[in-house]
2 protein chains.
Amino acid sequence: MSRSTGRRLGRAGIRDVAAAAGVSITTVSDALNGKGRLPDATRSHVREVADRLGYRPSAAARTLRTGKSGLLGLTVTTYGDEPFTFTEFAYFAEMARAATSAALARGYALVILPATSRHDVWSNVALDGTVVIDPADGDPVVTELVRHGIPVVSDGRPGGALPVTGWVDNDHEAAVLGLLDHLADAGARRIGLLTGNTTDTYTRLSTTAYLHWCERVGQDPVYESYPAHDPCAGAVAADRLLARPDRPDAVYGLFDPNGTDLLAAARRYGLRVPEDLLLVCCSESTLYAATEPPVTTLSLKPRRIGTAVVQILIDAIEGLDTGRPIEQVIPTDLIVRASSQRRSPRTTVSPPRGPTGD
Amino acid sequence: MSRSTGRRLGRAGIRDVAAAAGVSITTVSDALNGKGRLPDATRSHVREVADRLGYRPSAAARTLRTGKSGLLGLTVTTYGDEPFTFTEFAYFAEMARAATSAALARGYALVILPATSRHDVWSNVALDGTVVIDPADGDPVVTELVRHGIPVVSDGRPGGALPVTGWVDNDHEAAVLGLLDHLADAGARRIGLLTGNTTDTYTRLSTTAYLHWCERVGQDPVYESYPAHDPCAGAVAADRLLARPDRPDAVYGLFDPNGTDLLAAARRYGLRVPEDLLLVCCSESTLYAATEPPVTTLSLKPRRIGTAVVQILIDAIEGLDTGRPIEQVIPTDLIVRASSQRRSPRTTVSPPRGPTGD
DNA sequence: GCTTCGGAAAGACACGTTTCTGCATGGTGA
DNA sequence: TCACCATGCAGAAACGTGTCTTTCCGAAGC
C-alpha cells in the first residue's frame, strides 16, 4: 500500500499536505510557520491546501522537535491531601483565573497538577515551566523541578532557600501592621488573631507581624490557630477565641471563611458587630459586602499576582530579559466596611456592589 | 564526538540509561514500563540505574509514539469574552476541582483552554479528550473537536444536535418545579424569576420550566432577565424585579450572586425576608448559610457532575465499555434555610456550618 | 562564455520513545 | 540426538515535525 492512501485513517499529516500541494515537506513547514524564503504565491497556496485538508500539526511532534510544549504547570502545595483547594478560598480561584488568562494571551496553556510528586502524572506532561502557589519550605516538588531545569515561579516568597526563578508576593507584614493600626484607630483595645498552624509563608509572616505589633504597642497576644484546610476547625477556633477570659474586642481572621465564622460566634455570644467586636478578615469574596453587617476585608489582589507570576515565568522561558523584576511585591487593599468602624457612617443602606475592577 | 558524551547537556535520555546499565534501549523501555519478559534482576537493575541518572522519559516522545498524551481539555464556552468564569460562580470552581481530582486519580491531567477557537492554543496541545461546560447550540469549538475525532463530554445537555460522546446534567425542569412547589407551600402567591438572557441549556430549561409551572397553577409570569456575565446587571435586575407594580412575594434567582442582590434590593424597599419576600437562589456557596437571613439555595451538585463527566470521558478514550451510562442525570439538592420558610423555626441562632460532605 | 550569486525548493536527519520482529541459548520431550 | 519451545534480550522501524544542508536554475558580472 502506498503511503498517501494508507494515511487515510487518522488526521492528515504534513506529508499529505505536501503531496496535495505538489511541494515538499520543508516548503509546507516553512509556509505555515512563516519561516524560510518563499514567494507569497507558494505560501498562500500551501495554506489554502492545508486548510482544505483540515490539517493540524501534531503538537507532540512539534514539542519533541522544538523542545517547547507551550504548557505551564499550575500547582498549590499546601493545605492537606486534596490535590488543590481552588474552591476553598476565592483567592485561588481568582489567581488561577488571572494566570490562565495571562498565559493564554501569550500562547500558553495551564495544566493543573497535584501537589504530591506522583511521578506518573508529573512526568507524563512536557512542561515549559511551572507556577507554584504557596510552596512549603524545601518543597520536594519544586526542588525536583528545578533540578530538571524547569523554570519555577512561585506565588509567595519561597522559604528554605528554594532556588526558584522568581516570585511574586504581597508585603504581608506591612498589610497586617496597617490593618491592626486601622483597628486600633477605630477604638480597639485588645486585638485577637485567628490564624493557621501550617508552615506556609503567608501564615508565618502574618502571624509574626501580629506578634511584632503586639510587642510594639504593649499588648498581650491573643490568638487561636487551627488547621486551615479543615472547614469546621475555623468555626471552632473562632468560638474558642471569643470564649477566652481575655476576650478581644477586635479580631483579624487570616482565612477566607473566618469572617462568617466570627460573625456566627459573635452572634452566639450576643456580641454586636461593630459595637462590641470589630472584625476584619482576609478574603476575596464579594459576599462580605452583603453580610449583616458588611465585613471589612483585606484583599491580596490575586488577579495582579496571577498575571505577574505568569509574565515572569514566560519571560524566563523565552529567555527574553525584559526590564521586569524577577521578584515583585504587590500592594494589598484594605476594603473598609461597617464591621471595623465604630462610628459607622452608614449602617442601613448599602449600595449595590460595583464592578470589582482591577 | 561520541553520542553518550555529547548528550551531557540536557536531561539523560533512554540511551544513556541503556549504556549505563549495559543493556539495550528495548530492555530499558520494557523494564520501566513493566512490559516484555525480563527477569526481576534485570528489571530492578535498570530501574536503579535510571533512578541514579535521574532519568525522566520524554512525555513528548511518548505521546508522539503512542498517540496518547494523558491530557484532557477543560473549557467553558458561555458567558462573555473572558476565557472562563471560574471565579464568577462557585459552581465552576467546584466542578473544575472535582474534575481535576477525578482525572488525576486515573492518571490524566486537565488543561484549561479558552472558549474561543483561537487555533494557536488549541492546536498546540495534544488532547486525548475534552470536557466542555455548558456548550452553546452548535458550538464551533465542539464541532471542530469531534470532527477531528477527539471525544467530547459536556456538562449540560448539548443543544443543536451536537454530536458529543456523552453528557451529564441535572434535571433542571424537575428541580425548578420542585423548588416552586416548595415556595408555594411556604405561602407564596406570586413567584418571580431572575434569569439570564443567554442561550445555554441551563438558563433555557430553567426558564421554560418556570413558565410551564406558571401556566399550570394559573399565575402570570413575573421575571427579569439580564446578561449573566455582567456582575452589575444582576443587582440592577433584582431591583427592577422588586420595583414592578406586580411585585412578587417570592423570587427564585438562577445565578449565584442573585441571593445577595435580592437581599440588598429587599432591604432598599424595606421588605423583610422571609416575612414579606421568600427567597431562593441557585448557588454552591456556603456563605449563604451565614447571610441575614440565611438563604435557601439549590445546589446542582457540581462535584458529582465533574467526577461523572471525567469518568465518562476517560472510559471513552480508553475504549473500555463499562456499564456506566453515557448520559447521566444528577439529582439536585434544595438546601432549605430561613429565607424560604414563613414560619421560621429558628431565626436567631444558626449553628456553625458543617462539612459540605457530598 | 564561464563563473558567481541568490532565490526557491527538495533531501535527509534528528528529536526520544515504543514496539514489532528476530536472534541466540539452554532446557525438555520424543 | 534432534526438533521445539520458552526465555532473555537486541536491532531497527516507525511516530510527525523542524531545520540544516544541498541542489537546481536563471540571471547578472567579468
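Chain naming here is simple, since letters A, B, ... match the order of the sequence lines and numbering starts at 1 in each. Since the model is a prediction, treat every value here as computed from it, not as a measurement.
Relative to the side chain of B/Leu64, the nucleotides D/dG16, D/dC9, C/dT19 differ in distance, and D/dG16 lies closest. Candidate nucleotides C/dT17, C/dA9, D/dA10 were compared by shortest atom distance to the side chain of B/Val23, and D/dA10 ranks first. In the set C/dG16, D/dG8, C/dT18, the nucleotide with an atom closest to the side chain of B/Pro39 is D/dG8. Across D/dC9, D/dT19, C/dG16, the shortest atom-to-atom separation from the side chain of B/Thr42 is found for D/dC9.
Taken to the nearest 0.5 Å, the CG atom of A/Leu113 stands 9.0 Å off from the CG atom of A/Leu110. B/Leu72 contributes atom CG, which lies 9.5 Å from atom OG1 of B/Thr100 (distance to the nearest 0.5 angstrom). For the atom pair CZ (A/Arg56) and CZ (B/Arg147), the distance works out to 7.5 Å, reported to the nearest 0.5 Å.
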Notebook entry, point to check: Would A/Ser24 and A/Thr27 satisfy side chain to side chain donor-acceptor pair (under 3.5 Å), going step by step from the backbone distance to the final call?
Noted result: CA-CA 5 Å; A/Ser24 79; A/Thr27 305; 3.2 Å; yes

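Between the B/Trp122 side chain and the B/Pro114 main chain, a donor and an acceptor come within less than 3.5 Å of each other.
One can place CG of A/Asp30 at 9 Å from C1' of D/dG18, the figure rounded to the nearest angstrom. Atom-to-atom, CG of A/Asn124 to P of C/dG16 comes out at 17 Å; the value is rounded to the nearest Å. As a whole-Å value, the separation of A/Ile14 CD1 from D/dG16 C1' is 8 Å. Taking atom CZ of residue A/Arg65 and atom P of nucleotide C/dA12, one finds them 16 Å apart after rounding to whole Å. One interatomic measurement links the two molecules: NE2 of A/His45 to C1' of C/dA9, which rounds to 13 Å at whole-angstrom precision. Between B/Leu53 atom CG and C/dG16 atom P there is a gap of 15 Å when expressed in whole angstrom units. With rounding to whole Å, B/Arg37 atom CZ is found 12 Å from D/dA10 atom C1'. The CG-P distance, from B/Leu32 to C/dT19, rounds to 13 Å in whole Å.
At a threshold of 4.0 angstrom between heavy atoms, the contacts of B/Ile25 include nucleobase atoms, whether or not backbone atoms are also involved. Contacts of B/Thr26 with the nucleic acid, taken as non-hydrogen atoms under 4.0 Å apart, include base atoms. Within 4.0 Å of A/Ser29, counting heavy atoms only, lies at least one base atom of the nucleic acid. Nucleic acid contact for B/Thr66: sugar-phosphate only, since backbone atoms but no base atoms lie under 4.0 Å from a heavy atom of the residue.
For the helix from C/dG1-D/dC30 to C/dA30-D/dT1, the terminal axes (five pairs an end, C1' atoms, rotation from four pairs onto the next four) enclose an angle of 60°, given to 10 degrees.
Of all the heavy atoms in A/His148 and B/Gly54, the pair that sits closest is CE1-O, 3.2 Å.
Contact annotation: A/Arg15 reaches the phosphate of D/dG16 (side-chain N/O to OP1 or OP2, under 4.0 Å). One finds no side-chain N or O of A/Lys35 lying less than 4.0 angstrom from the OP1 or OP2 phosphate oxygen of D/dG18. Remark: A/Ser24 is in phosphate contact with C/dA10, judged by side-chain N or O atoms under 4.0 Å from OP1 or OP2.
Residues passing the side chain to side chain contact (heavy atoms under 4.5 Å, CB included) test with A/Ala60, sequence neighbours excluded: A/Ser58, B/Thr63, B/Leu64.
Legend: salt bridge (charged side-chain N to carboxylate O under 4.0 Å, His left out) pairs involving residues 99-114 of chain B, not counting sequence neighbours, sorted by first then second residue: B/Arg106-B/Asp315, B/Arg106-B/Glu318.
You won't find any donor-acceptor pair under 3.5 Å spanning the side chain of A/Arg62 and the base of D/dG18, going by distance alone.
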